[in-house]
Protein chains: 2
Amino acid sequence: MEQPFALIGPTHVTAATSDEGAAVPVTIRDVARASGVHISTVSRTFSAPHLVNPETRVRVLACAEDLGYRPNRAARALITGRTHNIGLIIADIANPFFPPLIKAAESQARHRDYHVFVADTNEDPTAEEELVHALAKQVDGVLLCSPRMSNSLIEQLSREVPLVVVNRQVTGLPCVLMDVGQGARAAIEHLIGLGHTRIALLGGPRSSWTNREMRRAASTAARAGGAELTLLGPNAPTGTGGSAAAEQVRRSGVSAVLAYNDLMAIGLIEGLDALGVRVPQEVSVVGVDDIALSRLTRPKLTTVATPTAAAGRTAVDMLLQQDTESPRGARGSGAGAALGVRRTTAQVMLQTDLVIRDSTGPGPHARPARPLAAPRSPDPHCPAGPGIPTAATGDAVAS
Amino acid sequence: MEQPFALIGPTHVTAATSDEGAAVPVTIRDVARASGVHISTVSRTFSAPHLVNPETRVRVLACAEDLGYRPNRAARALITGRTHNIGLIIADIANPFFPPLIKAAESQARHRDYHVFVADTNEDPTAEEELVHALAKQVDGVLLCSPRMSNSLIEQLSREVPLVVVNRQVTGLPCVLMDVGQGARAAIEHLIGLGHTRIALLGGPRSSWTNREMRRAASTAARAGGAELTLLGPNAPTGTGGSAAAEQVRRSGVSAVLAYNDLMAIGLIEGLDALGVRVPQEVSVVGVDDIALSRLTRPKLTTVATPTAAAGRTAVDMLLQQDTESPRGARGSGAGAALGVRRTTAQVMLQTDLVIRDSTGPGPHARPARPLAAPRSPDPHCPAGPGIPTAATGDAVAS
DNA sequence: GGTGATCCTGCAAAGGTTTGCAGTGAAGTA
DNA sequence: TACTTCACTGCAAACCTTTGCAGGATCACC
């Protein structure tokens, strides 16, 4: 990767050397000495307070506080088998879809006293696998967010470390899904309602579960509404991917486009603009995700909002719940844990929500008076009013 | 935090229980048994290969590969004192300024075989402190990104765990700074060159180093160019913060605004638009950061590009270099390390770069013919042309 | 006073790895 | 042959915690 910025040699403003009081690692032993008890008592003060005399407890706690003692989680992990860490494997941190998810997951995890490793795979399935291996021993579980590797590999890896999968359905594993199928359907119906009869689906990465779901739902909805659906792609799920597809979209002769995600949608609008095609006057565009920027662009983007933060929270909850059920590799590692830990797996589908803004408008066959589908609902995310989200119907999908 | 999405009860599509081959933690001992050597030999095979007979080595490696052995980093950390983890403490992951930094830092760290904890503080200084403490024992060092806590507290914490600070200058500590002062100057000069004489600086968080630097540099540049600078703020560094300030900006009667960051700039443009004020025709707006979206909005944002990715990489490098110099808390923890580890600290200033796009235009006092300052340079980030960044001059600032 | 129960605390092993030290055998040197 | 050197390997302690077990003290009760 080349350096994108003029960087006239990092300027060393200062390069000093300084003494410093070297980190004094204070252990359970120091606390024990200070408070005149055995280390096991100190240990119990933290991990099983009810087993120690209240007086002793306060004394120990005081000493600990005093010395600034913090239990060494690595040492603890070594014996308990639980690290109190989780891993978050992300296809692309720079994709604005993920940060809210990461933020929510991290927050939820920390609430439960877990720390979070974050790793970026650059959309590379090989990196995903390698990362699961690398993290396995260091975490109690891993969140796989929009993985690009095969289902069978995921299943296999789940034998090494508990996994929760986001944005992908893997039978036998806990999954958090967003109902993009329903969202795509709502979007297509919205477009048909506006009078569009030739619609394109601007596809994303081939190995994406979301991509497949969208295609399926959009096809069905288009057929049901008597519209013609053109499939374009696969494309990179980025702004560049979207703008690169502009020419293709224009040539296809459609009057409306449902893009794989907001980034592509915004890029597409940009690209169309460069070609002199106006949105929404000549072409309507719908995105997916409702990233923060989609309400800052002009025109503001009509999009299928996905509950990213909720997904992050839910996934962490599922991971941690499953984690509390079956402690892994604990004391009697040789014997008891040998075979057949029974684990319950749930799959959760979260609702999506079509948010109608300014990037969609009447199509060439619009009937002047009453729009057919989804009445234009106010943007629920704008401070203007409380706003009632377009009620998403349909609550479950077939497995 | 309330649930922002209609979520008609997470639908459990599946809730099955399944047997599974419990994770079999394979240790150095298993490898030793399999390959008929002592565990210490296996250990050396991984941590000091040159000390073991090539034949033995291949045999051990084969067995390890076979059994799927991975060294347990926690156990290793316990004895070596190095975890091979680093911590990344971020003010707000959802702020699009940070993801590229995180991505770059993580990538750089992983290249060097380090894993990365990411934690979000929600712009809360207390959370920052608590996180440093919590992570201290689990990492070899921490990157503090745009910290909101006091310098003295940072210095104090740095005695607990090696710290590298991004976007803040702390004497005696390694820092990675972006020359926003220079950027602000360039922005102001650009605006003055366009004929603006009444300019506002839309400030960000009070405790932000960047904020102070910008104010200082902008003031100086405005004075030098004979323009009047109005200081507005502090504001939340978000889109909402920006749009909320629109009214204030209009009342202030300025014809140009330099915002604390792109998010605020975009929000401001949005807010001004709502008030019927057109950008750049009536008011010019400049942002800072050059987040990915600033070239997708309309008008495309003129902004001071900050080398976020480079900052992430550099910071990790500095942390890891310092880390290799002084192993902490190793074997003889009682004796040798007792006092006065000498550590060299460098502070690096990275260049920023004014990118002129469409949100700035001629001011009320524009001289028709030749613009005074910075000739309009093509956007270096658009695929259109190779583009030469506005050469940023000035290579160092006073400490 | 004896018995048992209850509460608290100490002992020591265990978890997976690294590493200083010592031991082995072979090769090199005198 | 005797001695040194060298390359390799094994032994065991150490890192910091947790936790089953057992011992000691206190108390209630018969």
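Side chains included, hydrogens not; waters and symmetry mates left out as well; all remaining heavy atoms used. Order of the sequence lines sets the chain letters (A, B, ...), proteins ahead of strands, with each chain counted from 1.
Atom CZ in B:Arg76 sits about 9 Å away from atom C1' in C:dT18, given to the nearest Å. In this structure, the CG atom of B:Asp30 is 9 Å from the P atom of C:dT17, given to the nearest Å. If you measure from atom CZ of B:Arg29 to atom P of C:dT17, you get 8 Å, rounded to the nearest angstrom. Look at CD1 on B:Ile39: it is 9 Å from C1' on C:dT18, rounded to the nearest Å. Computed from coordinates, the B:Asn72 CG to D:dC16 P distance equals 16 Å when rounded to whole Å. Taking atom CZ of A:Arg82 as the reference point, atom P of D:dT17 lies 19 Å away to the nearest angstrom. B:Leu78 places its CG atom 17 Å from the P atom of C:dA14, with the value rounded to the nearest Å. Rounded to an integer number of Å, the gap from A:Ile79 CD1 to D:dT17 C1' is 6 Å.
Side chains of B:Gln138 and B:Asn85: a donor-acceptor N/O pair is absent below 3.5 angstrom, by distance only.
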Protein N or O to nucleotides 5-9 of chain C N or O, pairs below 3.5 Å:
unit_1 : atom_1 : unit_2  : atom_2 : d
C:dT9  : OP1    : A:Thr56 : OG1    : 2.4
C:dT9  : OP2    : A:Asn53 : N      : 3.0

Heteroatom pairs (N/O) under 3.5 angstrom, protein to nucleotides 23-28 of chain D:
none

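At a threshold of 4.5 Å between non-hydrogen side-chain atoms, the residues A:Val60 and A:Arg57 do not count as touching. Put simply, the side chain of B:Asp124 does not reach to within 4.5 Å of the side chain of B:Glu130, judged on heavy atoms. Proximity of B:Arg82 to B:Tyr114: side-chain heavy atoms (C-beta onward) are separated by under 4.5 Å at one or more points.
Within the nucleic acid shown, B:Phe46 has no heavy atom closer than 4.0 Å to any nucleic acid atom.
Under a 3.5 Å cut-off, the side chain of B:Thr45 and the backbone N or O of B:Thr41 do form a donor-acceptor pair.
Dashed line: the shortest gap from a side-chain N or O of B:Thr80 to OP1 or OP2 of C:dT18 is not under 4.0 Å. Between A:Ser43 and D:dT18, a side-chain N or O to OP1/OP2 separation shorter than 4.0 Å is present.
Salt-bridge check for A:Glu106 with A:Arg110: passed, with a basic side-chain N closer than 4.0 Å to an acidic carboxylate O.
With respect to B:Arg148, the salt bridge (Lys or Arg N to Asp or Glu O under 4.0 Å) criterion is satisfied by exactly one of B:Glu129, B:Glu123, B:Glu128: B:Glu123.
Aromatic ring pairs are classed by plane angle as parallel below 30°, tilted from 30° to 60° and perpendicular above 60°; the pair A:His115 and B:Phe117 is perpendicular.
Environment of NE2 in B:His111: sparse, with no more than 12 heavy atoms of neighbouring residues, nucleotides or ligands closer than 6.0 Å.
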